[in-house]
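Heads up: the structure comes next, in structure tokens.
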Amino acid sequence: MDNERKIKLDELFEAFSVVAEGTYVYLCDMTVDVSRWSKSAVNYFGLPNEYMENAGAIWEDHIHPEDREDYHHSIDMIFSGEDSGHDMQYRARTRDGNYVVCTCRGVVIRDPEGRPHYFAGAIKNHGLKSYIDNVTGLRTLYGFFEDLRAMFWKRDDAVILQIGISGFSNLNDVYGYTFGNRILQQLGRLLQKKFANTGACYRMDGTKMVVVSRTLNSGQVADIYNELKDEVSHDFYVDGEHISLSLNGGLVIVDNFDITDKTVYSCLKFAYSESKNRKMGDLVIFHDMISHDNRKAIEKINVIRNNVSEDCNGFYLCYQPIMHADSESLKGMEALVRWKSDTYGTVPPNQFIPVLEQDSLFPKLGKWILKQAMTDGKKFLEKYPDMIMNVNLSYAQLEKDGFIEEVLELLKETEFPPENLCLEITERCRLLDIEILKDMVNIFRDYGIKIALDDFGTGYASLGILRELPVDTVKIDREYVKDVEKSMADQNTVRFISDLADAFSAEVCVEGVETAEMKDFLKQYKVSSLQGYYYSKPVPLDEFLSMEFVAG
């Protein structure tokens with residue numbers, strides 16, 4: 001290599017080193033295939049020298065045998081002029097013989113005639129223990145957020161895919177935890193292979209893994225997911241044992257950098273949970289329920305999420321009356337959260353609660369709702385001393401440590417009587433350990449707090465929860481009564497649920513009552529209370545207090 005080329009190589013290398021702090025930098029003069037590498041990389045990996053001829057082959061010898069083929073193919077494509085760079089993950093051997101996971105990103109710099117001149121890039125060592133999953137060797141959740149923040153700083157568009165395995169605990173029960181870890185290792189390797197040179201892979205919590213791709217669009221990622229899903233279902237082997245895996249997948253498109261990384265993660269988890277709980281593993285792409293505009297949806301969620309952090313700014317409660325079925329006097333009311341802003345107007349809860357339930361911030365919103373409902377409830381009690389305040393709970397609140405103490409502290413702080421409070425849980429609480437949930441319900445009831453099972457019948461676990469939990473009220477979802485006057489199926493459903501609740505000594509409340517005819521028809525069943533637009537839509541506190549009801 002002549003001196004002029006070496007000086008140019010060194011000048012460019014120093015420039016790249018400044019902007020690539022915290023990584024190992026390499027720069028190759030492709031005309032003569034001479035490279036300069038960071039001295040720290042030379043020392044850490046035991047490379048021959050800072051200056052190397054045919055460095056690609058030397059480095060390939062340090063890459064794990066299982067990862068070499070993808071690396072070799074990428075380098076061939078770059079030096080043949082077919083590719084303009086690469087972005088890949090692999091395991092590299094250190095000086096002491098151990099392997100660490102690395103992310104390698106490089107670009108080809110062309111001369112004025114368009115010929116490949118330099119290949120420059122940076123290698124990030126993910127060898128820090130807290131950033132590497134011991135089972136799969138993939139970057140962990142911490143690494144994911146570190147890289148996501150860097151992506152936001154650079155304003156790099158990306159498609160993010162989260163996958164996970166259904167029924168993995170059953171595999172552990174059959175084959176043991178050691179073999180279960182081998183399944184995760186194999187899946188991680190397969191995921192890396194599917195996204196070789198097109199995406200970085202991460203191991204999240206449990207069986208979940210994530211891919212971040214800056215080069216593929218959502219359609220291409222969806223195609224790979226479907227291919228992967230089919231392969232692990234029919235042609236997946238671990239240590240010679242044929243294993244059939246069922247995958248779930250959620251996807252988020254990131255092209256808006258006026259939001260936070262936490263918002264992206266919440267939307268990703270929501271899309272994944274929809275795939276797992278409602279779509280039988282079909283890939284779910286996060287989108288707005290009204291406009292189907294991914295960008296606007298994430299922007300809205302980001303603003304709402306930030307408002308939670310700002311002492312729940314923009315949130316308010318509306319109240320809907322619950323009436324005694326026999327006397328049609330006021331039994332109580334249900335507190336229902338709303339959010340509004342000058343930009344988005346009033347946003348109904350079904351557009352943000354399901355997403356925020358996946359967010360670590362949700363318990364803060366849940367606490368605000370409880371406290372506000374109790375505070376407002378004191379005013380209701382002045383007018384209706386026997387009324388019951390119903391407040392919805394999320395499984396995210398119930399799984400939070402200290403939730404029981406939080407509720408009791410709020411009752412004490414607001415001086416709201418526990419016997420006038422009813423906490424509503426849904427069948428989604430099946431995600432919690434049923435014994436823990438049962439203990440919580442029993443403690444609440446010991447304090448006089450009532451428990452209602454909301455949206456009964458909308459999930460497959462409702463019957464099981466009713467058998468296990470001593471609830472006071474079962475609420476029949478409006479979907480089961482909208483045609484009750486003419487539909488035999490709806491009539492049989494109401495009759496079955498009301499008889500079932502009666503067998504477990506629980507009262508029944510029917511939601512979605514919209515007409516006088518529907519109200520009168522429902523009275524023939526074992527129904528204790530009614531709720532719906534026939535009596536009133538949910539209204540703010542002052543409007544509710546101005547309405548006149550017969551006290552129950």
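Note: hydrogens, waters and symmetry copies are ignored here, and every other heavy atom, side chains too, is used.
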Using side-chain contact (heavy atoms from CB on, under 4.5 Å), reason through L228 and F195 one step at a time and then give a plain yes or no. CA-CA 11 Å; L228 176 70; F195 288 93; 5.6 Å; no

Taking only residues two or more places apart in sequence, or in another chain, which ones meet [X] in a side chain to side chain donor-acceptor pair (under 3.5 Å)?
X    : value
D83  : none
K364 : none
H234 : D230
R115 : D111, E113

Among all residues two or more places apart in sequence or in another chain, which pass the salt bridge (Lys or Arg N to Asp or Glu O under 4.0 Å) test with K279? none

Once salt bridge (Lys or Arg N to Asp or Glu O under 4.0 Å) is applied, do any residues pair with D401, and if so which ones, sequence neighbours excluded? none

Less than 4.5 Å apart, any side-chain heavy atom of [X] and any of [Y]?
X    : Y    : value
K262 : F145 : yes
F168 : L184 : yes
D87  : T215 : no
V108 : M30  : yes
L138 : Q192 : yes
C28  : D33  : yes
V303 : T343 : no
L247 : I165 : yes

Whether the Y24 and N125 side chains hold a donor-acceptor pair (N or O, under 3.5 Å, no angle test) is what I'd like checked. yes

Point-to-point distance, once rounded to the nearest 0.5 Å, from [atom1] of [X] to [atom2] of [Y]:
X    : Y    : atom1 : atom2 : answer
W339 : L356 : CH2   : CG    : 10.5 Å
M280 : S166 : CE    : OG    : 8.5 Å
Y99  : E66  : OH    : CD    : 9.5 Å
Y177 : N181 : OH    : CG    : 10.0 Å
I304 : T263 : CD1   : OG1   : 10.0 Å

Between [X] and [Y] (side chain of the first, backbone of the second, donor and acceptor by atom type, cut-off under 3.5 Å), is there such a pair?
X    : Y    : value
D261 : R149 : no
R189 : D67  : no
Q186 : I183 : no
E60  : H72  : no

Indicate yes or no: does R36 engage D29 in a salt bridge with an N to O separation below 4.0 Å. no

Listed by chain and number, what are the side-chain contact (heavy atoms from CB on, under 4.5 Å) partners of [X], not counting sequence neighbours?
X    : result
N217 : Q220
T94  : Y44, F45, D96, N98, V100
P349 : V337, R338, F352, I353

K371 atom NZ, neighbour heavy-atom count above 12 within 6.0 Å: no

Within a reach of under 6.0 Å around CD of E241, are more than 12 heavy atoms found that belong to other residues, nucleotides or ligands? yes

Scan for side-chain hydrogen bond (donor to acceptor under 3.5 Å, both in side chains) pairs involving residues 193-213, sequence neighbours excluded, and state none if there are none. D133-R203, D147-Y202, K194-E227, K194-E231

So the salt bridge (charged side-chain N to carboxylate O under 4.0 Å, His left out) pairs with at least one residue in residues 153-166 (sequence neighbours excluded) are D156-R214

Taking salt bridge (charged side-chain N to carboxylate O under 4.0 Å, His left out) as the cut-off, I'd like each qualifying pair that reaches into residues 175-184, sequence neighbours left out, listed once. R182-D239

For H86 and F119, I'd like to know if the aromatic rings sit close, meaning centre-to-centre distance below 6.0 Å. yes

